[in-house]
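We number each residue from 1, following the sequence as shown. Since the model is a prediction, treat every value here as computed from it, not as a measurement.
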Amino acid sequence: MSARVELPPVRWFVWRLMRYRPLAWLASTWSIVMAGYLVPLLPGLILREFFNTLTGDGPARFDVPTLCALMAGAGLAQIVHGLGCAVFENGTIRTAGALVQRNAFERILQLPAARAVPQSPGEAVSRFRDDTAVIGKYVAWMADPIGQVLLTVIAVAILVRINPFLTAAVFLPVVLVLGLVEIGTARIQRYRRAQQEAIGGVTDLLGEIFGAVNAVKVAGAEDRVVDHLRLRNEVGRRATLAETLLTQLLDSVTKNTTHLGTGLVLLIAGQS
């Protein structure tokens, strides 16, 4: 009986993937943080200075032409960082996915043929195609929590300077959204696992059908094979439908909660 192999923690694998192309990952992280979180703050801050200048309610630190130039610069920065996301983020995703595929395939070739792939060849192909893409996205999208933390700190600092009561009102819908996400995450993961298993089952069956076409024809089992394939596809369809429905529902609830929170803040600000 072979001893069980203890694998390193997941963070060790993620760290190795990040170190494979560190400059590309840093460029991807910088582009995501700036284009997705920090640069979009600039137009709001510039508009605040613009209206303060027009109304005289704040110190005149910039004149109107300077603020217009800053607004144009913020738009240009958004375009540049958006292009950086398109190049470096996609490059990081593809590179990490290809590296995992290459290393996994090399390991399969090193193992004895009898136990090289624990699943069927069809399911293994599905793993190589789908799971490696998810790993690549995970490595690239690790920049999002960094940007979210920075955005939260800056936004809270700005809001507290304006009105602490409004700041507390802003966090009410945020807490609600976090609770909904926490409730739905476990169920979404379960549905996605079932979806992956269903997709692997369909791919596995297709591989077996193509490999045994003559046997199916000799046995006259075409109709039964097709019915079985339809059954597997139906299982995959239901799993995909459940996962997509819950994901879209959670996304809709969080977005609408954000809009309701914005309306609440405007109403409270209007009263003051």
Side-chain angles (χ1 to χ4, degrees), residues 7 9-11 13-14 17 32 36-37 85 89-90 92-94 96-98 100-101 104-105 117-145 147-148 171-212 216 221-263:
L7 296 176
V10 175
R11 59 180 178 272
F13 291 101
V14 175
L17 288 173
I32 293 174
Y37 299 98
C85 283
E89 179 184 357
N90 289 322
T92 300
I93 293 173
R94 299 292 185 271
V100 173
Q101 289 176 338
F105 190 67
V117 181
Q119 296 87 11
S120 64
E123 187 174 354
V125 171
S126 177
R127 300 295 183 190
F128 269 84
R129 180 192 61 203
D130 299 331
D131 292 2
T132 55
V134 174
I135 294 173
K137 291 178 181 179
Y138 182 84
V139 173
W141 292 352
M142 286 182 63
D144 287 282
Q148 290 164 0
F171 274 90
L172 289 177
V174 172
V175 173
L176 178 60
V177 169
L178 291 176
L180 293 174
V181 171
E182 184 65 24
I183 294 173
T185 297
R187 189 169 297 237
I188 289 177
Q189 290 175 348
R190 186 165 65 251
Y191 285 162
R192 286 183 178 174
R193 189 177 299 109
Q195 179 191 18
Q196 289 180 344
E197 292 175 355
I199 293 174
V202 172
T203 308
D204 181 23
L205 180 59
L206 287 174
E208 293 180 358
I209 292 174
F210 288 132
V216 172
E222 292 92 339
D223 293 337
R224 283 175 290 175
V225 169
V226 171
D227 291 340
H228 189 55
L229 179 61
R230 285 175 178 167
L231 180 61
R232 292 264 183 114
N233 279 323
E234 179 64 19
V235 173
R237 185 188 70 83
R238 291 181 179 179
T240 302
L241 181 61
E243 188 272 335
T244 303
L245 178 61
L246 184 58
T247 301
Q248 294 296 327
L249 178 62
L250 186 61
D251 183 64
S252 176
V253 170
T254 53
K255 288 183 178 179
N256 288 322
T257 303
T258 303
H259 296 326
L260 291 174
T262 303

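Enclosure of atom CZ in Arg230 is not indicated, since only 12 or fewer non-hydrogen atoms of other residues, nucleotides or ligands lie within 6.0 angstrom.
Taking CZ from Arg187 and CG from Leu250, the interatomic distance works out to 11.5 Å, rounded to the nearest 0.5 Å. Between atom OG1 of residue Thr132 and atom NZ of residue Lys137 there is a gap of 10.5 Å, rounded to the nearest 0.5 Å. Of the inter-residue distances, the one linking Asn256 atom CG with Asp251 atom CG reads 9.0 Å to the nearest 0.5 angstrom. How far CG of Asp131 is from CD of Gln101: 10.5 Å, rounded to the nearest 0.5 Å.
Closest approach of Ala104 and Phe128 over heavy atoms only: CB-CZ, 3.8 Å. Contact record, Ala239 with Ala198: CB-CB, 4.5 Å, taken as the closest heavy-atom pair. The two residues Ala133 and Ile93 make their nearest non-hydrogen contact at O-CG2, 4.4 Å.
Looking at residues two or more places apart in sequence or on another chain, you find a side chain to side chain contact (heavy atoms under 4.5 Å, CB included) between Ile209 and Leu205, Val225. Remark: Arg237 pairs with Glu234, Leu241 by the side chain to side chain contact (heavy atoms under 4.5 Å, CB included) rule, at least two apart or across chains.
For the pairing with Met142, the side chain to side chain contact (heavy atoms under 4.5 Å, CB included) check across Thr92, Val14, Ile32, Leu17 returns one residue only, Val14.
No side-chain donor-acceptor contact under 3.5 Å links Gln195 to the backbone of Thr240.
Residues Gln248 and Thr244 have side chains that never bring a donor and an acceptor to within less than 3.5 angstrom of each other.
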